**Q** 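This structure is in structure tokens; I'll ask about it shortly.
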There are 2 protein chains.
Amino acid sequence: MAYTGDMARPASRTRGRGRPTTDEGLREVIRQAALTQFAEAGYSGTSLRKIAGAAGVDPSLVLHYFGSKEELFAAALTPPVDFSVVIPQLLSAPESQRAERVAQFIVQLLDRPEPRQTMTAAVRSATPTGGADVQVRRAITTQVIRPLAEALQSDHPELRAAMLGSQMVGLVMARHVVGLPTVAELTSEDLVAIIAPVVQRYLFDPLGLAATGPTEVRG
Amino acid sequence: MAYTGDMARPASRTRGRGRPTTDEGLREVIRQAALTQFAEAGYSGTSLRKIAGAAGVDPSLVLHYFGSKEELFAAALTPPVDFSVVIPQLLSAPESQRAERVAQFIVQLLDRPEPRQTMTAAVRSATPTGGADVQVRRAITTQVIRPLAEALQSDHPELRAAMLGSQMVGLVMARHVVGLPTVAELTSEDLVAIIAPVVQRYLFDPLGLAATGPTEVRG
DNA sequence: AGTTTATTTCAACGCCTGTTGAATATGGCA
DNA sequence: TGCCATATTCAACAGGCGTTGAAATAAACT
């Protein structure tokens, strides 16, 4: 809400026109400013000029580093966690604790600022205005759903992973985007207690589908 | 995806400049075109010119009828179902069938075009660009969450309603906005089977919260 | 010292936006 | 018939957008 244009940045004499004392961190400052803006306003609600302003920089410099708005979006959205590493660890817990571990991981992940910003930016940008939705869908499927599905040993792994993903998206919406009062005010512990049984159902319990063959999707 | 500008509309001689054979349906045509556009591209991704084009009308006429883009958005978003009437009916079912009835209602609601458009428009527009998010939050809380909470007789009624709402939002996202393959391809019956136990948990089962007093919100 | 090279800013482009005010044609009414 | 109110369009506005190309400055290299 308050972008006065002077964010914390590794100072290196006051910048003017021309090459400064090699300040490579500036690229990262821009990326961080972009992520924050995207998280607050979504892709189409964020302008390069606002990002540049938040980073204390000229709009052209943003494009100099990232080429285009879409590339900047993709760069800002790179996930702060490698799920294909974390998920197998979570699922290796004893059967009685797996669901709660997963629930805990989800909630704690969304408690850390940068993963939360990444998620809200993605969720908020899932609108087909500027080509951002394609990147969002690809990011969600390849970086979250597929690793999770491959680690699962239940039936319908892709479907189970996707259903859990939908609950995560709903959670981000309720707690961080729309800000529904009661959900936004929950403590982490209570939230874990509430969703753990749902995780259990989506990932491990029998689904009770009509027997029309496996609902599998490859690619 | 295909708006050629000539939608079905109660024809009344070809319109030109000036007053035509009193065609009150035109206002509704515009509202419907707006809802479709908002559902496809969200609030900020939709322009008055596109809406006017889809309705086969001049942009000024849109504002003549609705005053401003925000008012048009609010008008387009008026819910096609009065939840404060439907919900008590659903909850009056015998205890063993309530969750499935609710799940069925949700899924079937999202199968009908206009409620689905209303939901996707709301979900897609939950971004603070144009003041639309305020209206979205208010619509969700007053029209869905509050009636549901008032009909519930469990503890933490607002929280339960909000958690169910978050699952609904996630579902809309997965099935209609982002279009996750497996979820989007489910039959209605299978989807009901999958989410019914989750509905049961969120609305009726003990939540297992830390005993820090009731999490109630009034207004 | 002089040349190159990378960083940063400036100025402008064409386009799209929401909104406004005037012009015009028609239907209803006296 | 003549007037008035209303529906509809047209034309323009001021501002924001993403992007581009050139200019300026300073560090790095020879």
Side-chain angles (χ1 to χ4, degrees), chain A residues 5 9-31 33-34 37-38 41-76 125 127 129-132, chain B residues 5 9-31 33-34 37-38 41-76 125 127 129-132:
Chain A
R9 170 162 38 83
S12 66
R13 321 212 302 132
T14 53
R15 284 194 341 281
R17 200 185 239 194
R19 182 175 193 167
T21 69
T22 296
D23 184 2
E24 181 48 39
L26 198 46
R27 187 193 151 100
E28 178 55 24
V29 171
I30 294 175
R31 197 195 71 92
Q37 288 289 128
F38 284 135
Y43 181 81
S44 63
T46 298
S47 73
L48 291 179
R49 286 171 165 85
K50 273 189 223 153
I51 295 173
V57 137
D58 189 274
S60 300
L61 190 61
V62 178
L63 291 176
H64 171 69
Y65 277 128
F66 295 94
S68 74
K69 189 186 179 185
E70 272 191 55
E71 291 176 85
L72 171 58
F73 181 69
S125 304
T127 187
T129 310
Chain B
R9 170 162 37 82
S12 66
R13 319 214 303 135
T14 53
R15 286 191 339 282
R17 202 184 235 193
R19 182 176 194 167
T21 70
T22 297
D23 184 359
E24 182 48 37
L26 197 45
R27 187 194 151 101
E28 178 55 24
V29 171
I30 294 175
R31 197 194 71 93
Q37 288 290 128
F38 283 134
Y43 181 82
S44 63
T46 298
S47 73
L48 291 178
R49 286 171 165 84
K50 274 189 223 154
I51 294 173
V57 138
D58 189 273
S60 299
L61 190 62
V62 178
L63 291 176
H64 170 70
Y65 276 129
F66 294 94
S68 75
K69 190 186 178 184
E70 271 193 57
E71 291 175 87
L72 171 58
F73 181 68
S125 304
T127 189
T129 310

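If you're wondering where the values come from, they're calculated on a predicted model, not measured in any experiment. The chains referred to below are lettered A, B, ... by the order of the sequence lines, with proteins before strands, and numbering in each begins at 1.
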**Q** Taking for each residue the nucleotide of DNA chain D with the nearest heavy atom, is it Ser47(A) or Gly67(A) whose nucleotide lies nearer the 5' end?
**A**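 The residue closer to the strand's 5' end, by nearest nucleotide, is Ser47(A).
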**Q** Over how many whole Å does the gap from Glu28(A) atom CD to dT7(C) atom P extend?
**A**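 So the CD-P distance, Glu28(A) to dT7(C), works out to 16 Å.
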**Q** Taking side chain as C-beta onward, heavy atoms only, is Arg31(A) less than 4.5 Å from Phe66(A)?
**A**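 In short, these two side chains touch, coming nearer than 4.5 Å.
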**Q** Rounded to whole Å, please give me the gap between CG in Leu61(B) and C1' in dT19(C).
**A**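 Interatomic distance, CG of Leu61(B) to C1' of dT19(C): 14 Å.
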**Q** Rounded to the nearest angstrom, tell me the gap between atom NE2 in His64(B) and atom C1' in dT6(D).
**A**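 Rounding to the nearest Å, NE2 of His64(B) and C1' of dT6(D) are 7 Å apart.
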**Q** Does a side-chain N or O of Tyr65(A) approach OP1 or OP2 of dT8(C) to a distance below 4.0 Å, or not?
**A**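 Answer is yes, contact under 4.0 Å.
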**Q** What is the distance from CZ of Phe73(A) to P of dG18(D), rounded to the nearest Å?
**A**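 To the nearest whole Å, that distance equals 13 Å.
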**Q** Grab the CZ-P distance between Phe66(A) and dT8(C) for me, whole Å please.
**A**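 In whole Å, dT8(C) P lies 12 Å from Phe66(A) CZ.
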**Q** Could you tell me whether a side-chain N or O of Ser44(A) sits under 3.5 Å from a main-chain N or O of Gly45(B), the two making a donor and an acceptor?
**A**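 No, because the side chain of Ser44(A) does not come within donor-acceptor range (under 3.5 Å) of the backbone of Gly45(B).
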**Q** Taking CG from Leu72(B) and C1' from dT19(C), how many angstroms apart are they, rounded to a whole number?
**A**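 Roughly 14 Å, once rounded to whole Å.
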**Q** Which residue, Ser68(A) or Pro59(B), contacts DNA chain D at a nucleotide closer to its 5' end, judged by nearest heavy atom?
**A**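 Its nucleotide being nearer the 5' end, the pick is Pro59(B).
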**Q** Look at the side chain of Arg49(B) and the base of dG18(C), then say whether one donor and one acceptor between them are separated by less than 3.5 Å.
**A**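 Yes, a donor-acceptor pair under 3.5 Å.
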**Q** Would you name the heavy atoms of Pro59(B) and Arg49(B) that are closest together and state the gap between them?
**A**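 Heavy atoms of Pro59(B) and Arg49(B) come nearest at CG-CG, 3.9 Å.
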**Q** Side chain of Asp58(A), heavy atoms from C-beta onward: which of dT9(C), dT8(D), dT8(C) has the nearest atom to it?
**A**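 Side chain of Asp58(A) sits closest to dT9(C).
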**Q** Under 3.5 Å, is there any donor-acceptor pair linking the side chain of Ser60(A) to the base of dT20(D)?
**A**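 Yes, a donor-acceptor pair under 3.5 Å.
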**Q** Among the nucleotides dT17(C), dG18(D), dT9(C), which one has an atom lying closest to any side-chain atom of Leu48(A)?
**A**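 Among dT17(C), dG18(D), dT9(C), the one nearest the side chain of Leu48(A) is dG18(D).
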**Q** Rounded to whole angstrom units, what separation is found between the CZ atom of Arg27(A) and the P atom of dA6(C)?
**A**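 My rounded result for the distance is 15 Å.
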**Q** Of the nucleotides dA7(D), dT19(D), dT19(C), which one has an atom closest to the side chain of Lys69(A)?
**A**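 Shortest atom-to-atom distance from the side chain points to dT19(D).
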**Q** Whole angstrom is fine here: how far is it from CD in Glu71(B) over to P in dT19(C)?
**A**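 After rounding, the gap between these two atoms is 9 Å.
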**Q** Less than 4.5 Å apart, side chain to side chain, heavy atoms only: is that true for Leu72(A) and Leu48(A)?
**A**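 When only atoms from C-beta onward are counted, Leu48(A) and Leu72(A) do touch, with a gap below 4.5 Å.
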**Q** Say whether, by atom type as modelled, one donor and one acceptor occur between the side chain of Lys69(B) and the main chain of Ser47(B) under 3.5 angstrom.
**A**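 Flag not set: sc Lys69(B) to bb Ser47(B) has no pair under 3.5 Å.
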